[in-house]
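Below is one structure, written out as structure tokens; the observations come after it.
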Amino acid sequence: MFSLIDHVHMSRALKLAEKGLFSTSPNPRVGCVIAHADQVIGSGWHHSAGQAHAEINALNSAEKKAFGATVYLTLEPCGHHGLTPPCVKELIEANVAKVVVAMEDPNPLVMGHGIALLKEAKIEVQVGLMETEARTLNVGFVSRMTRNRPWVRMKIAASLDGKTALNNGTSQWITGEAARRDAHRFRARSCAILTGVGTVLADDPQLTVRHVKTIRQPLRAVVDSHLETPLNAKLLRDGGLIFTASTDEKKTKDLCETGAQLFVLPNEKGGVALFKMMQALADFQVNEVLVEAGCGLNGELIKANLVDELVIYFSPHLIGDVARGMLSLPELTHLSEKRALKIQDLRMIGQDIRIIAQLS
């Protein structure tokens, strides 16, 4: 169905889409290539929300040469008027002959509509070329549109024996500088960074992107059942989100005066209702969440089946049995109860081992 040259052009489009890895949220990352046979006459990518979409940038770079051309798009073109005009209209007016789409847009406002409009205009459409790669690139956007919750990625830095801190709480630094820089790439692509109040009290983290060039900073969010977050916590600079079970009026007033936004989402045990929290983050148009927390919140999120992916950095050190672990989970009595993981990537980052795995 798809030729070698089709694969070559779509690969180029996906590479272009990756340029928006840190900047397009809440929009998807999209790339576009326009070609006559093996000759590329135009290309573009979506830079950030509110700016021109990938196909418009590609049409502009093609100037007047798009007549009768084939367009390669990593995501179905929009047929509705949002922050920008509909891209389908521009493709039709450019008199392109064919559009090859990696995947349908999961956004209900778009899903199948853009493709239908192209076909009505007698433009040939093919869908599904390198769809897996396109979905992986926009895993958070797809999650928010289809599950009404973000893609949740949990980052853990640990010793080779699985310890994240000494028993006294000291954790800086278990992994090396290269691993810490790499972890900031995951921060940069995330829409929000989530931690627990225990981590705030112990480390007072900034949770900002500092080792990667980016045009935006992710939201900072903390799970704080009893509103123990200090008013001068670094993550509250420039605002922040606090998910709590407390209705304490004085603490609420004081924290709101710092610029924080509070969400009271109690569960039946007096903690925070984590599933509702994820839905609230989706309402904030959060596509990807990076969890950087201690073993308590890590374990609760795993138990609630709210973690999609683990990014674990193992340093070549041993710390010992009494140190703090990665996840606080109930004791298993049968090995059949163990959680299965699917390894996606394994590589050295400096002197540390990075494993990326998805929970099945």
Side-chain angles (χ1 to χ4, degrees), residues 150-187 190 192-205 207 220-225 235 243 271-272 274 277-278 288-360:
W151 181 265
V152 178
R153 183 179 289 114
M154 181 178 287
K155 189 272 286 186
I156 300 174
S159 62
L160 204 57
D161 53 348
K163 303 302 178 181
T164 61
L166 302 182
N167 198 39
N168 63 14
T170 302
S171 62
Q172 295 179 342
W173 299 99
I174 287 178
T175 54
E177 185 178 347
R180 296 197 295 274
R181 285 198 307 268
D182 187 71
H184 275 244
R185 289 184 57 81
F186 287 100
R187 284 188 180 184
S190 302
I193 303 175
L194 177 70
T195 193
V197 69
T199 298
V200 175
L201 293 172
D203 300 333
D204 193 19
L207 300 185
R220 276 80 58 80
V222 58
V223 179
D224 181 1
S225 298
L235 62 75
F243 296 96
V272 173
L274 298 177
M277 177 185 71
M278 291 302 174
E288 298 180 20
V289 172
L290 182 67
V291 178
E292 296 194 26
C295 64
L297 180 57
N298 285 352
E300 290 300 315
L301 289 167
I302 292 282
K303 286 189 289 185
N305 294 315
L306 289 172
V307 178
D308 300 298
E309 183 175 296
L310 297 173
V311 179
I312 305 177
Y313 298 90
F314 285 109
S315 71
H317 304 96
L318 301 175
I319 293 182
D321 187 54
V322 296
R324 300 184 183 182
M326 299 190 297
L327 303 162
S328 180
L329 293 172
E331 179 185 0
L332 303 184
T333 56
H334 298 282
L335 281 175
S336 60
E337 298 171 332
K338 63 184 182 293
R339 292 295 302 268
L341 302 174
K342 184 177 180 181
I343 304 297
Q344 303 292 315
D345 186 77
L346 190 156
R347 68 182 66 189
M348 296 293 295
I349 305 291
Q351 294 301 306
D352 301 310
I353 301 169
R354 188 191 74 187
I355 296 175
I356 299 178
Q358 291 183 7
L359 283 85
S360 59

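Predicted model, so just to flag it, every value in this text is computed and none were measured. Here, residue 1 is the first one in the sequence, and each next residue gets the next number.
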Close side-chain approach of [X] and [Y], heavy atoms under 4.5 Å:
{"X": "Leu359", "Y": "Ile302", "value": "yes"}
{"X": "Asp352", "Y": "Pro316", "value": "yes"}
{"X": "Pro205", "Y": "Thr199", "value": "yes"}
{"X": "His317", "Y": "Ile174", "value": "no"}

For [X] and [Y], work out which heavy atoms get closest and say how close.
{"X": "Leu306", "Y": "Val152", "answer": "O-CB, 3.1 Å"}
{"X": "Glu337", "Y": "Thr333", "answer": "OE1-N, 3.0 Å"}
{"X": "Gly271", "Y": "Ser225", "answer": "CA-OG, 3.6 Å"}
{"X": "Ala165", "Y": "Ala323", "answer": "O-CB, 3.2 Å"}
{"X": "Met278", "Y": "Pro150", "answer": "O-CD, 3.3 Å"}
{"X": "Asn167", "Y": "Val322", "answer": "OD1-O, 3.3 Å"}

Could you check whether atom CG of Asp321 has more than 12 heavy atoms from other residues, nucleotides or ligands sitting under 6.0 Å from it? no
Counting only heavy atoms from other residues, nucleotides and ligands, does the tally under 6.0 Å from CD of Gln344 exceed 12? yes
Should the pair Glu177-Arg180 be classified as a salt bridge under the 4.0 Å nitrogen-to-oxygen rule? no
Output the distance between atom [atom1] ([X]) and atom [atom2] ([Y]), rounded to the nearest 0.5 Å.
{"X": "Ile353", "Y": "Met348", "atom1": "CD1", "atom2": "CE", "result": "5.5 Å"}
{"X": "Thr175", "Y": "Arg181", "atom1": "OG1", "atom2": "CZ", "result": "11.0 Å"}
{"X": "Leu341", "Y": "Ile312", "atom1": "CG", "atom2": "CD1", "result": "7.5 Å"}
{"X": "Phe314", "Y": "Ile156", "atom1": "CZ", "atom2": "CD1", "result": "8.0 Å"}
{"X": "Asp182", "Y": "Arg354", "atom1": "CG", "atom2": "CZ", "result": "4.5 Å"}
{"X": "Ile319", "Y": "Lys163", "atom1": "CD1", "atom2": "NZ", "result": "9.0 Å"}

Carefully, step by step, assess Met154 and Leu327 under the rule side-chain contact (heavy atoms from CB on, under 4.5 Å). CA-CA 11 Å; Met154 181 178 287; Leu327 303 162; 4.0 Å; yes
Tell me whether [X] contacts the main-chain N or O of [Y] through its side chain, where contact means a donor paired with an acceptor under 3.5 Å.
{"X": "Thr164", "Y": "Gly325", "answer": "yes"}
{"X": "Asp345", "Y": "Ile356", "answer": "no"}
{"X": "Asp161", "Y": "Gly320", "answer": "yes"}
{"X": "Thr195", "Y": "Glu292", "answer": "yes"}
{"X": "Asp204", "Y": "Val200", "answer": "no"}

Checking side-chain contact (heavy atoms from CB on, under 4.5 Å) for the pair Tyr313/Lys155: CA distance, chi angles, key distance, verdict? CA-CA 8 Å; Tyr313 298 90; Lys155 189 272 286 186; 3.8 Å; yes
Test Ile355 against Leu310 for side-chain contact (heavy atoms from CB on, under 4.5 Å), laying out the working first. CA-CA 8 Å; Ile355 296 175; Leu310 297 173; over 6 Å; no
side-chain contact (heavy atoms from CB on, under 4.5 Å) evaluation trace for Asn298 with Met326: CA-CA 7 Å; Asn298 285 352; Met326 299 190 297; 5.6 Å; no
